[in-house]
Amino acid sequence: MARAAVPRRLTWQVATVRETREETGTARTLVLDIPEWAGHLPGQHIDIRLTAEDGYQAQRSYSIASAWSADSKTVEISVQRLEDGEVSPYLTEVVEPGDQIEVRGPIGGWFVWRAESTAPVTLIAGGSGIVPLMAMVRARGRQLFRLIYAVRTPADVLYADELRRRAREDFGLDVHFVYSREVPAGWPVPPQRIDIAVVNTHGWPPDFAPDCFVCGPNTFVEVVADMLVALGHDPAKVRTERFGGA
Ligand SMILES: Cc1cc2nc3c(=O)[nH]c(=O)nc-3n(C[C@H](O)[C@H](O)[C@H](O)COP(=O)(O)OP(=O)(O)OC[C@H]3O[C@@H](n4cnc5c(N)ncnc54)[C@H](O)[C@@H]3O)c2cc1C
């Protein structure tokens, strides 16, 4: 195939790390400058390819955390470090501003939220599954959003300050945290796993025909998607993204 016929999103481009931000003790946001970036939709991801000096290559997918604006050539990703991982320790501990990495994208056409939609939205995140849902929160206009964010402890919350601020200030956005191992001081319930009662109470009811987006580790996504369907949500309106792992 002639090179010109390959869509740009499927060709590898060189991105420069403009900035890094520690989100938690184990997660970091990378701000990437991508000179030929043509834009993305909330929910899409990019592939990253790293090449060692001996030619060995490793490739992983990372959701885009930032909303896109027409004048922007910048993409933010947030990476959760897995201690025994191959790529995530490098992206969270070694990469510095000025470094260059190969990227391609945006990728994904199903797990996307479109700003022209007027339906209410239920977002349910497990751990780093918050990343593409944060892009949706950041791109939101006046649509009604309810976010349920399941984490182990308060120290594991990505975008903690921004979410607290948005929960206070952004009209039409509800944020509910579910802590499985440790709760903040004064929290009204002990540590709990997300269950059908939480989803029923803090998500939109099926009668409102919300668009539902669920993202996180494989098992989390399967369990939560089953809960939504059991509650009566139309399976066609339940969109899922699996990050891998248990
Ligand atoms: C579409 C898509 C979007 C993604 N977006 C993000 C994102 O925004 N942020 C992010 O941090 N990650 C994201 N991931 C996961 C990411 O692609 C890598 O899988 C992750 O960073 C682990 O890579 P690694 O090389 O460090 O670990 P590996 O060396 O690949 O794996 C190390 C060990 O961890 C296990 N493992 C792999 N992935 C996970 C996981 N997600 N959770 C728990 N255990 C796991 C493996 O089974 C293995 O035992 C996304 C994955 C997909 C498919």
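Please read all numbers here as calculations on a predicted model, not as lab measurements. Order of appearance sets the numbers: ligands from 1, and atoms from 1 within every ligand. These values consider heavy atoms only, across backbone and side chains, with no hydrogens, waters or symmetry-generated copies.
- Atom numbering of ligand 1 starts at 1 in the shown order; those under 4.0 Å from a heavy atom of Arg60 are 17 (O), 18 (C), 23 (O), 24 (P), 25 (O), 28 (P), 29 (O), 30 (O).
- If you number the atoms of ligand 1 from 1 as listed, the ones under 4.0 Å from a heavy atom of Glu241 come out as 1 (C).
- By the 4.5 Å heavy-atom criterion applied to side chains, Pro120 and Phe208 are counted as neighbours.
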Just do the side chain to side chain contact (heavy atoms under 4.5 Å, CB included) check on Arg60 and Ile48 with the steps written out, would you? CA-CA 5 Å; Arg60 297 287 185 277; Ile48 286 194; 5.5 Å; no
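- Nearest-heavy-atom check against atom 42 (N) of ligand 1 across Gly127, Gly244, Ala58, Gly216 picks out Gly244.
- Between Glu182 and Arg152, none of the side-chain N atoms (NZ, or NE/NH1/NH2) sits under 4.0 Å from a carboxylate O, so this pair counts as no salt bridge.
- When Val87, Asn218, Leu50 are ranked by how near their heavy atoms come to atom 25 (O) of ligand 1, first place goes to Val87.
- Distance alone, capped at 3.5 Å, places no donor-acceptor pair between the Glu241 side chain and the Gly216 backbone.
- With ligand atoms numbered from 1 in the order given, ligand 1 contributes 24 (P), 25 (O), 26 (O), 27 (O), 28 (P), 29 (O) to contacts under 4.0 Å with heavy atoms of Glu86.
- Those atoms of ligand 1 that come under 4.0 Å of a heavy atom in Val131, given as number and element, are 8 (O).
- Side-chain contact between Tyr159 and Val131: present, with at least one pair of heavy atoms (C-beta onward) separated by less than 4.5 Å.
- The backbone and the side chain of Ser63 each have at least one atom closer than 4.0 Å to an atom of ligand 1 (non-hydrogen atoms only).
- The distance between the ring centers of Phe213 and Trp113 does not fall below 6.0 angstrom.
- Side-chain N or O atoms of Arg140 include one that pairs as donor or acceptor with a backbone N or O of Gln143 at under 3.5 Å.
- In the candidate list Thr26, Ile48, Leu82, Val79, Leu82 is nearest to atom 36 (N) of ligand 1, counting heavy atoms.
- Geometrically, ligand 1 and Arg242 share no nitrogen or oxygen pair separated by less than 3.5 Å.
- Side-chain atoms of His233 never come within 3.5 Å of backbone atoms of Pro210 as a donor-acceptor pair (strictly under, hydrogens ignored).
- Heavy atoms of Asp84 come nearer than 4.0 angstrom to ligand 1 in at least one pair.
- Within ligand 1, counting atoms from 1 as listed, the ones closer than 4.0 Å to a heavy atom of Gln80 are 10 (C), 11 (O).
- Inclusion of His45 in the set of residues having an N or O under 3.5 Å from an N or O of ligand 1 is not warranted.
- The proximity of Ser78 to ligand 1, defined as any non-hydrogen pair under 4.0 Å, is limited to the backbone.
- Two residues are said to be in side-chain contact when any heavy atoms from C-beta on lie closer than 4.5 Å; Thr240 and Cys215 fail this criterion.
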